Colleague: 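Can you keep this structure in mind? I'll have questions shortly.
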Amino acid sequence: MPEGHTIHRAARDQSKMLVGKLVDVSSPQGRFSEGAERLDGLKCIGIEAYGKHLLYLFGHHLALHIHLGLFGRFRTANIPAAMPRGEVRVRLRSPTHVVDINGPNTCEVLDAQTMAALLTRIGPDVLRPDADKERAWLRIHKSRAAFGQLLMDQKVMSGIGNIYRTELLWRARLHPLTPGNQISRAAFDAIWDDAVQLLQIGVESNAIITVGNVQKSRSRYGERVNIFGKTACPACKGDIEKFELLTRRVFVCQTCQATHQPHS
DNA sequence: AAGAATGTTATGTA
DNA sequence: CTACATAACATTCT
């Protein structure tokens with residue numbers, strides 16, 4: 001069962017042992033998109049995460065840009081490492097460890113310019129202390145679009161995926177179709193703070209956990225969330241409704257999240 | 001073993 | 001310019 005690979009930032013924390021070391025970037029299946037050889041002989045000097053984007057920083061202002069997308073994975077191992085499993089696009093190899101990146105959506109080498117372009121393209125990352133929260137608030141405050149849509153729009157704010165969207169809205173007792181401009185400042189602040197907390201838990205456990213008192217190792221996937229993929233609301237025992245918002249599944253409890261009444 | 005899935009971008013239409 | 005729809009792309013798991 002794919003678990004929490006939407007938590008791209010966990011990949012950063014778990015591959016930190018590459019930092020400060022010479023890292024060889026190879027492509028076992030020969031399917032690296034472009035320019036891997038530009039990183040030859042360079043040291044990995046840091047790893048940064050912006051929303052769901054990962055940047056392995058190398059010397060000469062170059063970075064390996066990874067986005068795991070819908071089904072990308074990463075795996076770390078000690079050397080000697082086993083043969084790559086599945087579609088490994090890149091294997092990062094330090095003297096002591098390997099990090100395998102499977103099936104990423106994006107896998108490319110960036111220079112200073114293209115890196116800057118990426119950073120201006122994405123909205124404030126809820127997990128970054130330097131995040132410009134006001135920028136997100138302004139976008140939401142003046143938009144008529146559904147808040148459930150804005151919350152997951154990486155240009156508005158970054159880091160939230162489909163499961164966290166559903167879970168955050170349920171925890172806030174807000175209907176996903178409430179227009180952005182009807183969200184109060186207090187409600188926005190509360191959701192932002194809740195997102196920070198939930199994502200931090202996610203990064204630490206490398207799994208999406210939105211309920212209390214659950215340990216990853218002792219639970220099944222379905223026991224770690226409140227309403228995503230469920231049919232009954234854990235709070236009121238009522239029915240959970242499922243619908244599509246911009247081609248993505250959304251779950252909502254009509255009783256608990258009655259803030260907005262959809263009229264269709 | 002067909003189909004679904006925790007994501008994003010590019011392109012077309014109004 | 002917005003906004004929405006559609007397609008394309010990435011792979012693994014049931």
Side-chain angles (χ1 to χ4, degrees), chain A residues 1-11 27-34 49-55 64-75 84-91 100-108 110 114 117-123 125-127 139-140 142-170 176-177 179-181 195 198-199 201-203 205-211 216 219-230 242-251 264:
Chain A
M1 169 107 39
E3 281 174 11
H5 60 256
T6 195
I7 307 166
H8 307 73
R9 186 180 280 251
S27 180
Q29 271 90 344
R31 296 229 271 143
F32 188 91
S33 14
E34 56 205 65
Y50 292 90
K52 304 173 188 174
H53 298 260
L54 276 175
L55 295 175
L64 176 65
H65 174 209
I66 299 291
H67 193 300
L68 294 174
L70 195 51
F71 25 67
R73 309 276 182 89
F74 74 96
R75 176 187 286 113
R85 284 198 148 286
E87 297 295 315
V88 175
R89 266 315 93 75
V90 198
R91 169 167 275 195
D100 284 342
I101 311 280
N102 284 58
N105 210 357
T106 305
C107 177
E108 61 187 357
L110 300 182
T114 46
L118 167 68
L119 299 192
T120 51
R121 195 176 88 220
I122 56 184
D125 173 353
V126 289
L127 275 185
R139 284 282 299 265
I140 288 163
K142 33 174 234 236
S143 173
R144 285 163 306 178
F147 181 55
Q149 198 179 117
L150 298 164
L151 189 56
M152 211 176 85
D153 183 340
Q154 308 296 303
K155 295 186 290 287
V156 174
M157 52 193 276
S158 60
I160 313 293
N162 200 26
I163 296 181
Y164 283 115
R165 162 169 76 179
T166 278
E167 295 290 310
L168 285 166
L169 289 166
W170 180 83
L177 295 181
N181 58 17
L198 290 185
L199 288 191
I201 292 171
V203 171
S205 39
N206 191 21
I208 298 173
I209 299 172
T210 61
V211 298
K216 182 192 172 185
S219 61
R220 296 190 133 282
Y221 170 70
E223 294 166 348
R224 299 179 199 142
V225 295
N226 294 290
I227 69 164
F228 191 87
K230 307 245 167 137
K242 176 172 93 167
F243 63 99
E244 300 250 316
L245 184 50
L246 254 56
T247 77
R248 312 290 259 109
R249 309 188 284 167
V250 180
F251 298 82
S264 57

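Predicted model only: the values in this text are computed from it and were never measured. Order of the sequence lines sets the chain letters (A, B, ...), proteins ahead of strands, with each chain counted from 1. Heavy-atom basis, side chains included; hydrogens, waters and symmetry copies ignored.
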Colleague: Could you tell me whether a side-chain N or O of A:Asn226 sits under 3.5 Å from a main-chain N or O of A:Thr210, the two making a donor and an acceptor?
Modeller: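 Yes, because the side chain of A:Asn226 sits within donor-acceptor range (under 3.5 Å) of the backbone of A:Thr210.
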Colleague: Roughly, in whole Å, what's the span from CD1 in A:Ile160 to C1' in B:dT8?
Modeller: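 Rounded to the whole Å, the gap is 16 Å.
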Colleague: Have a look at A:Arg165 and say if it touches a base, only the backbone sugar-phosphate, or nothing, with a 4.0 Å heavy-atom cut-off.
Modeller: nothing
Colleague: With a 4.5 Å cut-off on side-chain heavy atoms, are A:Met157 and A:Ile140 touching?
Modeller: yes
Colleague: For the atom pair CG (A:Asn162) and CZ (A:Arg249), what is the distance rounded to the nearest 0.5 Å?
Modeller: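 That separation rounds to 7.0 Å.
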Colleague: In this structure, how many angstroms lie between the P atom of C:dA3 and the NZ atom of A:Lys142, rounded?
Modeller: 11 Å
Colleague: Can you tell me if A:Arg249 touches the phosphate of B:dA5, counting only side-chain N or O atoms and a distance under 4.0 Å to OP1 or OP2?
Modeller: yes
Colleague: Are A:Arg144 and C:dT2 close enough that a side-chain N or O sits under 4.0 Å from OP1 or OP2?
Modeller: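 No.
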Colleague: Whole Å only: how far is the CZ atom of A:Arg248 from the C1' atom of B:dT9?
Modeller: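 Roughly 14 Å, once rounded to whole Å.
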Colleague: Indicate yes or no: at least one non-hydrogen side-chain atom of A:Cys107 is less than 4.5 angstrom from one of A:Ile66.
Modeller: yes
Colleague: Side-chain N or O of A:Asn102 versus OP1/OP2 of C:dT12: is the shortest distance under 4.0 Å?
Modeller: yes
Colleague: If pairs are Watson-Crick or G-U with both distances under 3.5 Å, what is the dot-bracket string of DNA chain C, marking crossing pairs with [ ] and pairs to another strand with |?
Modeller: .||||||||.||||
Colleague: Starting at the 5' end of nucleotides 4-10 of chain C, put B wherever the base has a protein heavy atom under 4.0 Å, S where only the sugar-phosphate does, and a dash everywhere else.
Modeller: S----BB
Colleague: Applying ring-ring contact (aromatic ring centres under 6.0 Å, His included), name anything that partners A:Phe251, two or more places apart in sequence or on another chain.
Modeller: A:Phe228
Colleague: Checking the side chain of A:Lys52 only, and the main-chain atoms of A:Ile160 only, is there a donor and an acceptor separated by less than 3.5 Å?
Modeller: yes
Colleague: Which nucleotide sits closest to the side chain of A:Gln154: B:dT8, B:dG7, C:dT12?
Modeller: B:dT8
Colleague: Give, for atom CG of A:Asn206 and atom CZ of A:Phe74, the distance between the pair rounded to the nearest 0.5 Å.
Modeller: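 Atom-to-atom, A:Asn206:CG and A:Phe74:CZ are 4.5 Å apart.
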Colleague: Can a side chain N or O of A:Arg121 be found less than 4.0 Å away from OP1 or OP2 on B:dT9?
Modeller: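 For B:dT9, OP1 or OP2 has a side-chain N or O of A:Arg121 closer than 4.0 Å.
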Colleague: Check whether A:Gln154 reaches the backbone of A:Gly123 with its side chain - one donor and one acceptor, N or O, closer than 3.5 Å.
Modeller: no
Colleague: Between the main-chain N or O of A:Leu64 and the side-chain N or O of A:Glu108, is there a donor-acceptor pair closer than 3.5 Å?
Modeller: no
